[in-house]
Amino acid sequence: MAQEAAIRARSGQAAHNAQMNGDGSGSDRAAGNGQVGPLAQAPACEPTVIALITGEQATRLRCVPIREELGRLHLAMVDTGDFEAADEVSVTTGMPVTRVAVTEHVMRELLDRSYGTTAAAMAARLGGAEGDEESLANLEAIDAEALHRMAEQPTLINLVNLIIVEAIRRRTSDIHIEPFERDLAVKYRIDGELVRQQSPPKHLQPAITSRVKIMAGMNIAERYVPQDGHITLRFEGRKVDIRVSTVPTIYGESVVMRILDKEAVNLDLETLGMRERDRQTVDRLIRLPHGMVLVTGPTGSGKTTTLYAALTKVFDPTKKIITIEDPVEYELDGINQIPVNPKRGLSFASGLRSILRQDPDIIMVGEIRDAETADIAVRSALTGHLIFSTLHTNDAVSAIGRLLDMDIEPFLLASVLEGVAAQRLGRRIRSDARIEKPIDEAVRLRMTDKELALFEDGKGGHRCFDAQPSDKPGDTGFEGRLGFFELLEITAKMRGAIGQRLGAQELLPLASKDHVTMRHDGMIKAAQGLTTIEQVLRATQDSERGDA
């Protein structure tokens with residue numbers, strides 16, 4: 001309460017100062033100051049000025065106070081056009097702000113030098129306050145009121161905020177907070193792999209979990225049933241959505257936060273790693289007047305991102321495009337997006353029925369999970385709509401069998417199915433970390449002659465590419481994800497075979513002559529130095545169907 005009162009007092013003072021400046025704002029947007037630069041070297045900062053805002057606030061807003069001059073606070077910023085950030089600092093400090101442009105490199109140096117603000121550093125500082133054996137053994141005995149008090153402590157709030165902010169900056173897809181007997185693990189899923197971070201003190205486990213649940217609008221008093229929540233925050237001038245899930249374990253609640261950051265996802269098929277031949281195939285499929293196009297793969301293989309990229313490519317103001325998703329992961333301009341809400345009776349099937357009364361041209365169904373949704377989707381495609389959707393199958397041809405298993409009539413499926421794309425994701429080698437090396441013997445034994453031919457070095461040997469990490473802590477030599485794709489266009493022969501309920505082994509030979517499996521697509525990219533052979537083998541091991 002005292003802190004809130006202080007902020008209100010500073011807010012009033014900032015408003016008074018702004019009025020004195022005549023611009024109606026705590027920052028200098030009217031005066032146009034701070035637009036010179038950006039500074040390429042970190043300026044000296046006054047310690048008393050640095051202390052005016054917290055390290056968490058500086059990290060989140062990407063700004064650092066430099067000095068105070070004639071009653072104005074000079075604020076280093078990467079984006080001097082971020083007026084909301086400048087105004088927040090003005091309210092917090094009670095001073096009008098002059099914005100000073102600096103480069104991204106200078107900002108990182110200023111943050112490190114001024115605050116040392118990393119979640120790892122804060123966790124290490126808090127680590128000296130470990131609880132005793134009795135307190136660790138009775139973490140679950142803390143009542144809800146005490147949890148609220150703990151979760152509202154400024155230091156705890158800063159720690160949780162830093163964990164989230166650092167994850168977003170490192171392009172993390174998921175944050176895992178996992179309770180164990182003696183410690184609390186924090187892990188970031190970066191480029192598909194979990195990377196453990198500095199562990200916060202075990203005795204802070206209830207407070208950290210409760211803070212996340214408060215942010216997500218969840219019930220902190222309920223600790224023994226799974227819960228789902230949602231966080232929306234502003235980061236570097238953009239909105240970031242976070243889906244939160246908690247489940248009870250024997251040592252407390254496990255928390256996973258899925259970060260949905262549209263800025264971290266490039267909705268472009270070429271950027272996703274799709275080769276030109278496959279992009280042309282996709283372009284033909286998504287521009288059909290009606291029919292069904294499917295994308296298959298396990299959870300986390302990028303299916304929805306590929307469909308978003310396709311919708312972005314096919315978008316036309318003259319067409320009505322509607323999606324039904326669980327949940328809506330990214331907001332797309334000009335497209336009507338409906339979130340599934342089972343608690344209120346809005347399922348994929350019921351939502352799809354309603355969508356059909358909206359006169360749509362293109363419909364995206366987030367996932368075909370049951371026979372009812374499959375049947376409605378197929379019949380929608382028959383009545384002149386273009387349907388996009390996803391399925392959980394290992395490869396493209398298996399999608400046909402999955403739909404037949406859902407009691408879809410074979411002749412109906414043969415009539416509407418136009419194409420199936422299967423995909424996986426691997427790690428992309430950073431261009432400045434790419435090195436050549438001989439293929440390991442163990443890897444060679446897992447490759448076919450056709451695949452090895454892609455790696456011939458012209459001297460009778462075989463060489464491949466790998467990622468060479470730098471000396472920078474946490475660097476792996478990889479950066480970003482790369483898609484491995486298999487596109488199956490439904491040929492006339494395949495339609496006849498589908499009508500006869502033939503299996504995958506009989507259907508695959510009927511594909512077009514230039515059909516390429518996911519594994520071979522990955523090997524082509526490994527031979528180009530975009531990824532490693534090991535990444536391809538790891539990602540496609542469950543989709544192999546002999547020599548591609």
Side-chain angles (χ1 to χ4, degrees), residues 267-298 301-314 362 364-365 367-368 381 386-403 413-414 416-426 450-451 454 481-495 497-498 504-528 530-531 536 539-540 542-548:
L267 300 179
D268 176 76
L269 293 174
E270 183 176 5
T271 304
L272 294 175
M274 190 173 287
R275 293 184 295 124
E276 174 63 24
R277 185 191 69 86
D278 289 341
R279 294 201 303 274
Q280 292 176 359
T281 301
V282 169
D283 196 55
R284 287 196 302 271
L285 292 174
I286 65 178
R287 298 189 187 281
L288 293 171
H290 53 79
M292 177 182 283
V293 178
L294 301 174
V295 181
T296 73
S301 60
K303 301 185 299 296
T304 302
T305 302
T306 297
L307 283 182
Y308 278 166
L311 287 176
T312 302
K313 189 174 181 66
V314 79
I362 300 173
M364 185 189 109
V365 182
E367 183 184 344
I368 295 178
L386 182 59
I387 306 293
F388 297 153
S389 192
T390 70
L391 274 176
H392 283 234
T393 61
N394 284 340
D395 56 14
V397 73
S398 297
I400 297 169
R402 177 64 57 84
L403 290 172
L413 183 59
V416 303
L417 189 61
E418 297 293 342
V420 184
Q423 69 180 74
R424 298 289 189 278
L425 293 176
K450 184 178 179 180
E451 291 167 350
L454 297 170
R481 312 292 294 281
L482 180 70
F484 309 140
F485 299 93
E486 174 187 5
L487 267 76
L488 182 68
E489 283 192 276
I490 306 303
T491 63
K493 290 182 179 180
M494 292 188 74
R495 294 188 194 280
I498 293 171
Q505 296 295 340
E506 291 81 16
L507 287 169
L508 198 57
L510 302 178
S512 61
K513 293 181 179 180
D514 59 353
H515 175 258
V516 174
T517 65
M518 264 187 298
R519 173 161 162 161
H520 197 72
D521 181 67
M523 289 296 179
I524 293 172
K525 290 164 183 172
Q528 295 171 342
L530 301 177
T531 189
V536 177
T540 62
D542 60 349
S543 62
E544 299 175 21
R545 289 187 176 276
D547 190 348

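Keep in mind the model is a prediction, meaning the values are calculated, not measured.
A 4.5 Å side-chain heavy-atom check between I498 and L507 finds at least one atom pair inside the cut-off. With contacts defined as side-chain heavy-atom distances shorter than 4.5 Å, the pair T517/T540 does not qualify. Counting heavy atoms from C-beta on, the side chains of V536 and E451 never come closer than 4.5 Å. Side-chain contact between L311 and L267: absent, with no pair of heavy atoms (C-beta onward) separated by less than 4.5 Å. By the 4.5 Å heavy-atom criterion applied to side chains, L508 and H515 are counted as neighbours.
Counting heavy atoms of neighbouring residues, nucleotides and ligands inside a 6.0 Å radius, atom CD of E270 does not exceed 12 of them.
Judged by distance alone, with hydrogens and angles left aside, the side-chain atoms of R495 form a donor-acceptor pair with the main-chain N or O of L417 at under 3.5 Å. Counting only distance, with no hydrogens or angles, the side chain of R424 and the backbone of N394 share a donor-acceptor pair below 3.5 Å.
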Please report, to 0.1 Å, the donor-acceptor pairs under 3.5 Å made by any side chain of residues 288-295, with sequence neighbours excluded.
none

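Between R481 and L425, the shortest heavy-atom contact is NH2-CB, 3.3 Å. Here the closest heavy-atom approach between residue Y308 and residue M364 is recorded as CE2-CE, 4.0 Å. The shortest heavy-atom contact between F485 and D521 is N-OD2, 2.9 Å. Here the shortest heavy-atom pairing between S389 and I368 reads OG-CG1, 3.2 Å. Counting all heavy atoms, side chain and backbone alike, L454 lies closest to A527 at O-CB, 3.6 Å. When all heavy atoms of A396 and A422 are compared, the closest pair comes out as N-CB, 3.4 Å.
By the side chain to side chain contact (heavy atoms under 4.5 Å, CB included) test, E506 is found to be paired with L502, residues two or more places apart in sequence or in another chain being considered. Applying the side-chain hydrogen bond (donor to acceptor under 3.5 Å, both in side chains) test to T306 and every residue at least two apart in sequence or in another chain returns Q423. Judged as a side chain to side chain contact (heavy atoms under 4.5 Å, CB included), and not counting sequence neighbours, the contacts of A310 are I286. Annotation: salt bridge (Lys or Arg N to Asp or Glu O under 4.0 Å) contacts of R402 (sequence neighbours excluded): none. With sequence neighbours excluded, no residue forms a side-chain hydrogen bond (donor to acceptor under 3.5 Å, both in side chains) with T304. For T296, the side-chain hydrogen bond (donor to acceptor under 3.5 Å, both in side chains) test picks out T393, with sequence neighbours left out. Scanning for side-chain hydrogen bond (donor to acceptor under 3.5 Å, both in side chains) contacts around K303 gives an empty result, with sequence neighbours left out. Here T281 pairs with R284, L285, L487, E489 under the side chain to side chain contact (heavy atoms under 4.5 Å, CB included) rule; sequence neighbours left out.
The structure places CE of M518 at 6.0 Å from CG of D395, a figure rounded to the nearest 0.5 Å. The structure places CG of D278 at 10.0 Å from CG of L269, a figure rounded to the nearest 0.5 Å.
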The test is side-chain contact (heavy atoms from CB on, under 4.5 Å); show your working for V516 and R277 and say whether it passes.
CA-CA 10 Å; V516 174; R277 185 191 69 86; 3.7 Å; yes

